[in-house]
Enquirer: 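Sharing a structure below in structure tokens format, with a few things to ask.
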Amino acid sequence: MSTVAAEFGALYGAAPDGVWAAPGRVNLIGEYTDFNEGLVLPLALPHTAVAAVSRRDDGVLRLHSADVDGGVVQLDVATLEPPAAAASGASGHGWAAYPAGVVWALRAAGHPVTGADIHLASTVPSGAGLSSSAALEVVTALALNDLFGLGLSRPELALLAQRAENAFVGVPCGVMDQMASACATEGHALYLDTRDLSYRQVPFDLAARGLCLLVVDTRVKHALGDGAYAERRAGCEAGARALGVRALRDVSAAHLSDSLARLGDETIRRYVRHVVSDDARVERVIALLDAGDPHAVGALLTEGHVSLRDDLRVSCPELDLAVEAANAAGALGARMTGGGFGGSAVVLVAADTADAVAAAVVKAFAEAGHTAPGIFPAVPSAGARRVA
Ligand code: ADP
Ligand code: MG
């Protein structure tokens with residue numbers, strides 16, 4: 001942390017007013033459900049975006065990232081505008097669109113943010129499906145909330161961060177990533193209802209049950225702005241309209257086949273089947289965790305992967321291989337996590353087999369000629385906080 005503060009001092013010539021951290025996340029289950037007003041179950045990772053920040057009152061916003069080549073980006077808060085045609089990077093600000101978008105979203109909601117100096121550094125792998133973007137947004141939002149005394153709640157900050165990503169960066173993401181980064185607590189998964197943002201902290205002490213959740217970063221960079229994510233979202237919304245419901249959340253899993261029979265479009269039928277069944281899987285996972293039976297969660301993870309692979313079609317060969325190799329080596333279950341098309345998978349294993357399963361995945365990647373994956377345990381960690 002002090003490194004970030006020292007770098008801030010070297011960059012801007014004074015100590016920062018404070019230092020904040022916000023984590024990346026991994027989603028246990030409930031994928032592509034958050035923009036359908038559905039259920040999700042993410043947990044915060046130990047990896048964080050850290051921001052040293054000072055407030056300014058002259059309308060100047062200065063942004064710098066230790067992880068990006070290029071100097072300080074200087075903007076005028078009064079002239080921040082979302083791009084007319086939203087597409088990833090279309091704001092023209094590159095990475096700076098994430099923190100700048102948060103400043104824009106706060107100001108657009110009437111909050112008096114009059115400028116800031118910000119220096120960021122992040123240990124969340126970028127583009128790995130672990131929400132490095134939400135970590136940047138939430139750390140910025142929390143710092144400005146504190147420095148300007150805005151008094152916003154964690155869910156309010158998450159919604160503004162999502163608005164920044166939707167409208168300013170141009171990625172039509174749901175609210176899961178920002179809520180996880182803002183609201184998660186150590187040792188817990190966050191059972192979130194994205195319809196009303198109500199949530200429950202679910203104890204998730206896998207180690208006590210002899211289990212381990214591995215993250216496999218395939219190192220295949222996804223690009224959520226490339227249209228496939230937006231296409232799935234549009235397809236889900238079309239499905240909800242065709243079924244006469246507000247969101248796919250409202251389609252009953254018990255009567256799913258009746259609903260599917262009413263859909264003429266094969267693609268939309270697949271999308272609906274994924275979303276409705278994944279909402280149901282979140283509830284089944286919660287029931288297992290509440291009943292003290294986390295081992296049985298594994299089979300639901302794999303079932304979720306098959307649905308994402310075959311119905312939503314957002315997986316890729318590397319994610320499929322990670323899941324297959326892990327399961328063949330004795331994992332309890334595995335699935336891709338996050339938006340897909342690359343990024344990461346989660347693997348539930350008995351703790352004493354974690355090394356062997358990880359080695360089997362590494363071996364399978366090598367044999368297939370893929371770049372070696374990054375594998376680490378997902379230790380459920382704290383949400384966003386002030387650290388200095
Ligand atoms: P994910 O959220 O899954 O990591 P995204 O595509 O949503 O992937 O966000 C990745 C983008 O976030 C990067 O392309 C970059 O613009 C920005 N980003 C992530 N980490 C950093 C960082 N440390 N410094 C600057 N920008 C970053
Ligand atoms: Mg992201």
Side-chain angles (χ1 to χ4, degrees), residues 3-4 7-8 11 20-27 31-32 34-35 40 42 44-45 47-53 62-73 75 83 86-102 118-141 143 158 161-182 215-230 233 314 316 319 336-346 374 378:
T3 318
V4 174
E7 288 170 357
F8 181 101
L11 203 58
W20 289 259
R25 63 95 190 96
V26 72
N27 187 24
E31 215 65 76
Y32 281 82
D34 67 344
F35 57 71
V40 293
L45 293 171
H47 310 64
T48 55
V50 176
V53 185
R62 293 195 292 180
L63 304 167
H64 187 265
S65 168
D67 310 310
V68 172
D69 288 336
V72 172
V73 176
L75 300 165
S88 191
S91 68
H93 297 306
W95 74 271
Y98 295 90
V102 170
I118 301 180
H119 170 65
L120 293 152
S122 179
T123 57
V124 185
S126 173
L130 303 174
S131 284
S132 68
S133 59
L136 288 193
E137 293 151 10
V138 170
V139 79
T140 304
Q162 181 204 15
R163 175 135 201 256
E165 186 151 346
N166 289 170
F168 202 89
V169 182
V171 176
C173 59
V175 76
M176 166 174 69
D177 301 354
Q178 294 80 5
M179 279 295 290
S181 187
V215 176
V216 178
D217 173 3
T218 64
R219 309 238 200 246
V220 178
K221 299 286 173 203
H222 71 86
L224 292 185
D226 73 356
Y229 184 91
R233 181 169 185 153
V314 295
C316 68
L319 287 167
M336 57 155 277
T337 182
F341 307 107
S344 299
V346 281

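Sequential numbering from 1 along the given sequence is applied to the chain's residues. Remember, it's 1-based here, ligands and their atoms both numbered in the order they're listed. When reading the values below, keep in mind they use all heavy atoms of this one structure, side chains included, and skip hydrogens, waters and symmetry mates.
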Enquirer: Under a 4.0 angstrom heavy-atom cut-off, which atoms of ligand 1 come close to Gly129?
Expert: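 In order of number, 3 (O).
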
Enquirer: Mark up the atoms of ligand 1 that fall under 4.0 Å of a heavy atom belonging to Leu130, in ascending order.
Expert: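 Counting atoms of ligand 1 from 1, those under 4.0 Å from Leu130 are 3 (O).
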
Enquirer: Can you tell me if Gly339 contacts ligand 1 (heavy atom of the residue under 4.0 Å from the ligand)?
Expert: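 Outside the 4.0 Å threshold, so no.
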
Enquirer: Is there side-chain contact between Met336 and Val314, with at least one heavy-atom pair below 4.5 Å?
Expert: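 In contact.
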
Enquirer: Just say parallel, tilted or perpendicular for the rings of Phe168 and His93, cut-offs at 30° and 60°.
Expert: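 Phe168 and His93: parallel rings.
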
Enquirer: Can you see which heavy atom on Val171 is nearest to which on Asn166, and at what distance?
Expert: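 Smallest interatomic distance, heavy atoms only, reads O-ND2, 2.8 Å.
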
Enquirer: Could you tell me whether ligand 1 has any atom less than 4.0 Å away from a heavy atom of Leu136?
Expert: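 Yes, Leu136 has a heavy atom closer than 4.0 Å to ligand 1.
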
Enquirer: Measure the spacing between CG of Asp177 and CG of Asp34 and express it to the nearest 0.5 Å.
Expert: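 One gets 7.0 Å once the value is rounded to the nearest 0.5 Å.
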
Enquirer: Is Ser133 close enough that one of its N/O/S atoms sits under 2.8 Å from the Mg ion (ligand 2)?
Expert: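 So Ser133 does bind the Mg ion (ligand 2) by this criterion.
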
Enquirer: Quick one: pull up CG in Leu120 and OG1 in Thr48 and give me the separation to the nearest 0.5 Å.
Expert: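 Rounded to the nearest 0.5 Å, the CG-OG1 separation comes out at 11.0 Å.
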
Enquirer: Got an N/O contact under 3.5 Å between Gly127 and ligand 1?
Expert: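 Between Gly127 and ligand 1, an N or O pair is found under 3.5 Å apart.
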
Enquirer: Do Leu45 and Val124 touch side chain to side chain, with heavy atoms closer than 4.5 Å?
Expert: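 In short, these two side chains do not touch, never coming nearer than 4.5 Å.
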
Enquirer: Once you restrict to heavy atoms under 4.0 Å, what part of Ser132 touches ligand 1? Side chain, backbone, both or neither.
Expert: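 The answer is both.
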
Enquirer: To the nearest 0.5 Å, what is the distance between CG (Leu136) and OG (Ser181)?
Expert: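 The OG atom of Ser181 is 9.5 Å from CG of Leu136, to the nearest 0.5 Å.
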
Enquirer: If you measure every N/O of Gly94 against every N/O of ligand 1, is any gap under 3.5 Å?
Expert: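 No.
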
Enquirer: Find all atoms of ligand 1 within a distance of less than 4.0 Å from any non-hydrogen atom belonging to Pro125, and give their numbers and elements.
Expert: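 The atoms of ligand 1 under 4.0 Å from a heavy atom of Pro125 are 4 (O).
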
Enquirer: Below 4.0 angstrom from a heavy atom of Asp67, which ligand 1 atoms are there? Numbered from 1 as shown, please.
Expert: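 With Asp67 as reference, the close atoms of ligand 1 come out as 22 (C), 23 (N).
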
Enquirer: Report the member of Pro99, Ser133, Ser65 with the shortest heavy-atom distance to atom 25 (C) of ligand 1.
Expert: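 It is Ser65 whose heavy atom sits nearest to atom 25 (C) of ligand 1.
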
Enquirer: In Å, rounded to the nearest 0.5 Å, how long is the span from OG1 of Thr140 to CD1 of Ile118?
Expert: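 Those atoms lie 5.0 Å apart.
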
Enquirer: To the nearest 0.5 Å, tell me how far Ser131 OG sits from Met176 CE.
Expert: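 Result: 6.5 Å between the selected atoms.
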
Enquirer: Mark up the atoms of ligand 1 that fall under 4.0 Å of a heavy atom belonging to Trp95, in ascending order.
Expert: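 This gives 16 (O), 25 (C), 26 (N) as the contact atoms.
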
Enquirer: Does Gly338 have a heavy atom less than 4.0 Å from any atom of ligand 1?
Expert: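 No, Gly338 has no heavy atoms under 4.0 Å from ligand 1.
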
